[in-house]
Amino acid sequence: MSAYSLEELRHSASHVMAEAVQRLFPEAKFAIGPAIENGFYYDFDLPRPLTPEDLEEISRLMQESIKARHPFEREEVSRQEAEQIFGDQPYKLELIRDLPPEEPISIYRHGAFTDLCRGPHVANTGDLRWDAFALLNTAGAYWRGDEKRPMLQRIYGTIFPSKQELKAYLDQLEEIQRRDHRRLGRELDLFSLHEEAGPGLVYWHPKGGRIRTIIEDFWRMRHYEGGYEILYTPHIGRSWLWETSGHLDFYSEGMYAPMEIDEQKYYIKPMNCPFHIMIYNTDVRSYRELPLRWAELGTVYRYERSGVLHGLLRVRGFTQDDAHIICTPEQIEDEILEVLRFSLRLWRDMGFENVVAYLATRPEKAVGEPERWEQALVSLRKALETERVSYKIDEGGGAFYGPKIDLKIKDALGREWQMTTIQFDFNEPERFDMKYTGADGQEHRPYMVHRALLGSLERFFGVLIEHYGGAFPVWFAPVQVQLIPIADRHIAFADEVLARLKAAGLRVEVDDSGDRMNAKIRKAQLQKIPYMLVIGDREAETGSVSVRLRTNENLGAMSVDDFVARATGIVARRENYNL
RNA sequence: GCCCAAGUAGCUCAGUAGGUAGAGCACAUUCUUGGUAAGAAUGAGGUCAUGGGUUCGAAUCCCAUCUUGGGCUCCA
């Protein structure tokens, strides 16, 4: 076992990889090669694009270097020496120029390769295991992440202390692929996207629609319980609305181009807030009415750059589970706390237990009085601390119009997804001149908070699919029960069972195809249907059903009533799994 | 938007000295009525992403466009 940290292993492996690339391309220019969360990468400027064969060759050369047991040697050099050593390496020269003058410049050598590097590294390339690393893929990456600077070629790889750990990681990557929502969306017939009909626009199929309905119904129920009212607003609005909100000034790149009707420009909405504000401003508001909590499943369209679209996770048309909370300064702490609680509870109900919060504070350019920012921040921080949510501070990461909490949700594979956002808005209340009359008879500016909990239904659906690997909890499952008559003569009894299960509120289908029972089971199994009820002579005679679970467990025969009691109980308790 | 790769039947994919396309699954019809993850036969199904070009001839070579994938940048 290695005594080195993963970081040391990975950073060292990136040097070994760079050495291999240098052997393959003597004219290569080197940029940077750090260790990252799950591995390492190195960026190169190369004379031609890399091919998969190149990666194999680079792997082979790396193995050679590891087996050759080159020691890593650290040396401190003067700035002048460094500039000489890296005289033909423009990216390294740029890095050297940007190093703070007081910091010593260190270089690391192993074999014939020398790199500008702070270290630390393993003592010897032989401390890396030749069978525990893998080069994963190549990609383009801008020098210093700046899209105006040259595009370099990046190679991603990873290394672990042992072969077993590498294998576990590669297995996990495979599992991620198996759970990919784009793949499951097709296999389970949940949704589709159509390039010919417009990229980034989602089509929900009947089974996806079922799940969406369940989510929406549950969402509405919870919101009414939580003191929200539900709004419906238009999908388009005249340019006046977007000029007033400021979106045309600072967000027009993200909006679909306007259409012209009666010599007026109409824009498809990228956000719901101005519409909610229109409703607020239909009346003179009193502090007695506040807080107002107005929610909408609002479908918006945003122009996302073509390269960023990704399945359901990044789309151009989506439905936000949006809400705006409008309240007085005195109410703000309670309201924020309540939103956070409400959100955490919703996530638990959906089967997500782990959340991490990010608290984003005032950026340099911002609107709104500092006292309001301060009060907002205090209320956000207090809510997180009261609910004992671990959080990180994102200094200056707030929007120009207000501070926010973002919640990242951890899925079954430990991946974090940014879903929930709770944001103050000091911009639009000003622009739309929102007010209320206080107890003092004076006009006041209310606080307004935007919040989207699931984020967008599309994105949430994508994460939900991957979280459960398509095996949805019974209360979500589009088909909960598959009836499997063994032969045609059993269809009549199956139809009877169908009627009884439907009457009990279960989503159930009969497989009356000419397939054999084995094939019917296989189909249901692949569709990840929680319950399969086999119905043959024995069951028809005794009025029972034979219950099989998608976990491959066979519960044997039980009466239809017993099955209904069992299944409806699990649905009512919203249990995540089907046992 | 940028770099690289890819686009052949509904799906997964084969099809390189350029000679008008193939498999498995799915689908349809027929036979089979079978106790816990694939019964059998037959059949239908493709302007090889789109538009140009080279050629006697293009799925195959070249160019452009669109889309998808892996990343980068972006995500007030």
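Just so it is clear, the structure is predicted and the values come from calculations on it, not from any experiment. Letters go in sequence order (proteins before strands), and every chain restarts at 1.
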> Between A:Pro485 and A:Asp180, which has a closest nucleotide on RNA chain B that is more 5'?
Replying inline: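 Result: A:Pro485.
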> A:Asp146 or A:Leu309: which one's nearest nucleotide on RNA chain B is closer to the 5' end?
Replying inline: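 The residue mapped nearer the 5' terminus is A:Leu309.
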What's [X] touching, base or sugar-phosphate or nothing? Going by heavy atoms closer than 4.0 Å.
X        : result
A:Gly307 : base
A:Asn552 : base
A:Met255 : nothing
A:Asp488 : base
A:Thr51  : nothing
A:Arg489 : sugar-phosphate

Check every atom of [options] against the side chain of [X] and return the nucleotide holding the closest atom.
X        : options             : answer
A:Phe250 : B:A37, B:A76, B:C72 : B:A76
A:Val308 : B:U73, B:C75, B:G70 : B:U73
A:Ile486 : B:A37, B:G70, B:G35 : B:G35
A:Met151 : B:U33, B:G10, B:G71 : B:G71
A:Met517 : B:G35, B:G39, B:G1  : B:G35
A:Pro49  : B:C4, B:G71, B:G35  : B:C4
A:Ala487 : B:G71, B:G1, B:G34  : B:G34
A:Asn554 : B:A37, B:U36, B:G34 : B:U36
A:Arg522 : B:A37, B:A76, B:G70 : B:A37
A:Arg538 : B:G35, B:A76, B:U67 : B:G35

Let's test this: given Watson-Crick or G-U wobble pairing with both distances under 3.5 Å, identify the partner of [N].
N     : result
B:A40 : B:U30
B:A23 : B:U12
B:U47 : none
B:C66 : B:G7
B:G35 : none
B:C75 : none

When the ring planes of [X] and [Y] are compared, do they come out parallel, tilted or perpendicular, using 30° and 60° as the limits?
X        : Y        : answer
A:His15  : A:His11  : perpendicular
A:Trp242 : A:His247 : perpendicular
A:Phe472 : A:Phe461 : parallel

Go through the N and O atoms of the side chain of [X] and the base of [N], and report whether any donor-acceptor pair is under 3.5 Å.
X        : N     : answer
A:Glu539 : B:G35 : yes
A:Ser306 : B:U67 : no
A:Tyr142 : B:G71 : no

Under 4.0 angstrom between [X] side-chain N/O and [N] OP1 or OP2:
X        : N     : answer
A:Arg516 : B:G39 : yes
A:Tyr156 : B:C72 : yes
A:Arg182 : B:G69 : yes
A:Tyr303 : B:G1  : yes

In whole angstroms, how far is the [atom2] atom of [N] from the [atom1] atom of [X]?
X        : N     : atom1 : atom2 : value
A:Lys148 : B:C74 : NZ    : P     : 10 Å
A:Gln177 : B:G69 : CD    : P     : 13 Å
A:Arg316 : B:C74 : CZ    : P     : 18 Å
A:Glu53  : B:A5  : CD    : C1'   : 12 Å
A:His310 : B:G1  : NE2   : P     : 18 Å
A:Arg186 : B:U12 : CZ    : P     : 7 Å
A:Trp143 : B:C3  : CH2   : P     : 19 Å
A:Lys523 : B:U36 : NZ    : C1'   : 15 Å

>> With rounding to the closest Å, how many angstrom separate the P atoms on B:U60 and B:A49?
In response: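 It works out to 8 Å between them.
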>> Taking B:G1 as the reference, what is the distance to B:G45 when you measure between their C1' atoms (whole Å, please)?
In response: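 It comes out at 39 Å once rounded to the nearest Å.
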>> For the NZ atom on A:Lys265, are there more than 12 heavy atoms of other groups (residues, nucleotides or ligands in this structure) within a distance under 6.0 Å?
In response: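 Incorrect, the count does not exceed 12.
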> Can you tell me if CD on A:Glu27 sees more than 12 non-hydrogen neighbours from other groups inside 6.0 Å?
Replying inline: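 Check passes, neighbour count above 12.
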> Does the pair A:Glu369/A:Arg445 count as a salt bridge with the N-to-O cut at 4.0 Å?
Replying inline: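 Salt bridge absent between A:Glu369 and A:Arg445.
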> Charged N to carboxylate O under 4.0 angstrom, A:Arg183 versus A:Glu187?
Replying inline: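 Salt bridge between A:Arg183 and A:Glu187, a charged N being under 4.0 Å from a carboxylate O: yes.
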>> In this structure, is the centre-to-centre distance between the rings of A:Phe30 and A:Tyr91 below 6.0 Å?
In response: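 Between A:Tyr91 and A:Phe30, the centre distance exceeds or equals 6.0 Å.
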> Between A:Phe160 and A:Arg10, is there a cation-pi geometry (under 6.0 Å to ring centre, at most 45° from the normal)?
Replying inline: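 Judged by the rule, A:Arg10 and A:Phe160 form a cation-pi pair.
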